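Letters A, B, ... mirror the listed sequences (proteins, then strands); counts begin at 1. Values in this document were obtained by computation on a predicted structure and should not be read as measured data. Computation of the quantities below employed the complete heavy-atom set of this structure, encompassing side-chain atoms and omitting hydrogens, waters and symmetry-equivalent molecules.
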Amino acid sequence: MSREEMVTILEEIALLLELKDENPFKIKAYRSGAETVRSFPDDIVALATANQLTGIKGIGEALRDKLHEMATTGKLAFHENLRAEFPAGLFELFELQGLGAKKIKILHRDLGLCSVADLKQACLENRIAGTPGFGAKTQNNLLEAIAHRESHAGIFRLGNVAHVVEDMLDQLRNHPDTLRVAVCGSYRRAKETVHDIDLLVATSQPTEITSFFTTLPGIQKILAHGETKASVILDNGLQCDLRAVSNAQFPFALQYFSGSKEHNVALRQLSLRKGWSLNEYDFTRVNDDAAPLPVVHDEKDIYEALGLSFIEPELRENMGEIEAAQHGKLPRLIDISNLRGTFHNHTTASDGKNSLEEMAAAAQELGLQYLGIADHSKSSFQANGLHEDRLLQQCANIRALNESLDGFRLLAGSEVDILKDGTLDFSDDILAQLDYCVASVHNAFTLSEDDMTRRIIRAMENEHVTMLGHLTGRLLLKREAYSVNIAKIIDCAAETRTVIELNCNPMRLDMDWRWWHRARDKGVLCSINPDAHKTEQLQFLHFGVRLARKGWLRREDVINTLSLEKITEWLKLPKEKR
DNA sequence: CTTTCTCTAAAGTGCACTGTGGCCAGTGC
């Protein structure tokens with residue numbers, strides 16, 4: 001049994017125990033046990049098999065024995081018995097906003113509901129309102145939550161599919177009949193969520209490639225399998241299409257399947273003006289008066305032939321990129337190699353999984369020159385936020401640790417909560433002792449747009465607030481952004497010289513890419529921050545850079561491209577001089 | 001279920017918000 005399967009079982013036990021109204025601390029123990037297994041630095045499956053899981057914090061006698069049973073027998077009797085008590089479809093009810101174990105238990109026990117489909121039916125038949133604990137409003141909210149879930153069916157976050165996409169690309173690239181390979185579609189354009197994955201291979205043996213593709217591991221179902229095209233559903237439900245084309249067709253197919261549709265429509269119109277018809281295979285002359293056809297070896301040649309400089313895939317949304325390319329006004333986009341450091345990262349002091357030292361080492365390994373530590377503040381109780389004394393102690397620890405580091409620095413910051421009225425969770429004299437500060441909203445999400453905007457603006461007006469964390473609080477495919485007037489926030493950021501964060505956590509990617517172009521034009525600076533809660537999550541920077549590119553950002557628009565020396569100077573400047 | 005200021009038993013995350021039902025319970029951060 002793999003580590004992932006162990007984690008899944010422990011988490012499922014936690015849900016089942018919740019349904020049974022078990023001791024909350026027992027439930028918490030299974031959750032934290034799952035997390036311990038997930039992030040255990042050594043081969044935990046081997047240790048569990050040998051029954052050597054002793055002295056690990058969070059794994060006591062009971063979990064040790066259960067992990068041993070899983071590792072050696074491939075299953076867990078305790079889990080199977082528990083599971084047999086409830087219908088399988090009950091679990092999906094946990095995905096609905098506003099439903100927890102208590103209410104699900106009532107729905108199941110008193111109304112006999114076993115799935116989201118059952119619940120929807122019951123809501124429509126007005127059978128929920130009137131049940132003790134449920135009213136008309138709840139029934140309505142549930143219907144909305146169900147609609148929300150349905151609208152997200154079959155959509156995936158960019159960050160959640162990156163791994164499997166890169167894996168498939170590698171496998172296809174290594175096939176002897178492959179000449180060129182690329183991923184197209186919204187993934188290539190760095191949309192924050194994607195519906196499906198479009199892969200493209202240049203080959204002279206298309207049938208070999210499509211057959212090979214359908215035998216790759218991790219495929220749940222083959223939807224179609226022809227000579228030049230195959231379509232599959234992966235184990236995670238993601239649809240993945242492959243097209244095999246000739247080497248000559250490859251640039252056209254790459255351009256066509258990368259989209260967006262709107263961008264391609266505009267491009268084809270340009271093409272027609274030159275007397276050429278453009279499709280996924282080639283250019284053709286529409287009549288004898290048309291100019292001779294251009295020679296095309298790669299995608300860049302297509303754009304050049306149409307009088308355009310090369311348009312990076314991230315920009316292809318027909319949002320001004322074609323006009324800019326006509327006039328040579330495209331921005332030189334930021335690249336991951338431009339990053340020198342990053343802000344907004346957590347440690348074990350609040351809800352992170354790694355220590356200061358471990359985070360510093362991981363950042364150095366990535367080639368960064370500095371890493372900002374911004375643990376939660378005291379009001380974020382659920383995240384074990386720091387009180388003043390712990391914050392100042394951490395500050396001292398960071399400065400001491402820096403003494404032993406060469407060519408690398410930790411920066412002492414805080415992710416300070418913006419309280420309901422826009423004041424901050426720490427007083428100015430505490431904040432003044434930090435190198436920088438990220439201010440974020442973590443509670444009272446339901447304020448009106450005006451109140452929320454005023455609240456955030458008040459925080460930005462504070463001299464010590466270097467940047468604004470995850471502006472809208474959205475969790476992609478899970479929770480809508482709270483209401484806030486983004487245009488006003490951007491204006492205020494420009495005025496107060498407050499940086500806005502591009503939070504790279506794949507769940508967030510907030511502020512949204514659609515706003516960055518405008519913010520940049522007003523002189524607002526960006527900080528690309530992973531919001532890392534463990535060392536591996538520093539890799540989120542890759543997603544952040546792709547979304548920054550999508551927002552037309554250049555190196556000079558992003559403060560964490562500054563060298564350690566420059567950023568140190570910059571942080572010392574009063575805000576109005578930044 | 002785990003940890004510990006323990007040795008057998010107790011403690012272990014607090015608060016805001018929403019909706020329901022009559023002032024509290026469930027959910028989410």
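In plain terms, the two heavy atoms of A:Lys488 and A:Thr453 that are nearest each other are CB-CG2, 4.0 Å.
Atom NE2 of A:His387 is separated from atom P of B:dT13 by 13 Å (rounded to the nearest Å).
At least one side-chain nitrogen or oxygen of A:Lys28 sits closer than 4.0 Å to the OP1 or OP2 atom of B:dT13. Look at A:Ser379 and you won't find any side-chain N or O under 4.0 angstrom from OP1 or OP2 of B:dG14.
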Summary of protein contacts for nucleotides 19-29 of chain B, nucleotide by nucleotide, where a base hit scores B, a sugar-phosphate-only hit scores S (4.0 Å, heavy atoms): SSS----SSSB
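Comparing the P positions of B:dG26 and B:dT20 gives a spacing of 14 Å, expressed to the nearest Å. Separating the C1' atom of B:dA10 from that of B:dC5 is a span of 12 Å, rounded to the nearest Å. For the P atoms, the distance linking B:dG12 with B:dT6 amounts to 15 Å, nearest Å. Straight-line distance between the C1' atoms of B:dT27 and B:dT13: roughly 15 Å, to the nearest whole Å. On the P atoms, B:dA16 is 25 Å away from B:dA11, given to the nearest whole Å.
Among the protein residues, A:Lys420 comes within range of the sugar-phosphate backbone only, with heavy atoms under 4.0 Å from sugar or phosphate atoms but none that close to a base. Nucleic acid contact class of A:Lys66 (heavy atoms, under 4.0 Å, all strands): sugar-phosphate only. No contact: A:Ile27 has no heavy atom under 4.0 Å from any strand. Nucleic acid contact for A:Gly33: none, since no nucleic acid atom lies under 4.0 Å from a heavy atom of the residue.
Using bins of under 30°, 30° to 60° and over 60° for the plane-to-plane angle, the ring pair A:Phe86/A:His108 lands in the tilted bin.
Closest to the A:Lys57 side chain, of the nucleotides B:dT3, B:dA16, B:dC1, is B:dT3.
Under the 3.5 Å distance criterion, with hydrogens and angles disregarded, no donor-acceptor pair is assigned to the side chains of A:Glu501 and A:His470. Counted by atom type alone, A:Asn443 and A:Asp417 present zero donor-acceptor pairs between their side chains at under 3.5 Å.
Each of A:Phe381 and A:Ile56 lies near DNA chain B, and the nucleotide nearest A:Ile56 is the one positioned closer to the 5' end.
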Side chain to side chain donor-acceptor pair (under 3.5 Å) between A:Glu5 and A:Thr8, intermediate numbers included: CA-CA 5 Å; A:Glu5 288 169 299; A:Thr8 309; over 6 Å; no
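For A:Lys137, the salt bridge (Lys or Arg N to Asp or Glu O under 4.0 Å) criterion is met by no residue, not counting sequence neighbours.
A salt bridge is defined here as a Lys NZ or Arg NE, NH1 or NH2 lying under 4.0 Å from an Asp or Glu carboxylate O, and A:Glu69 with A:Arg64 fails to meet this definition.
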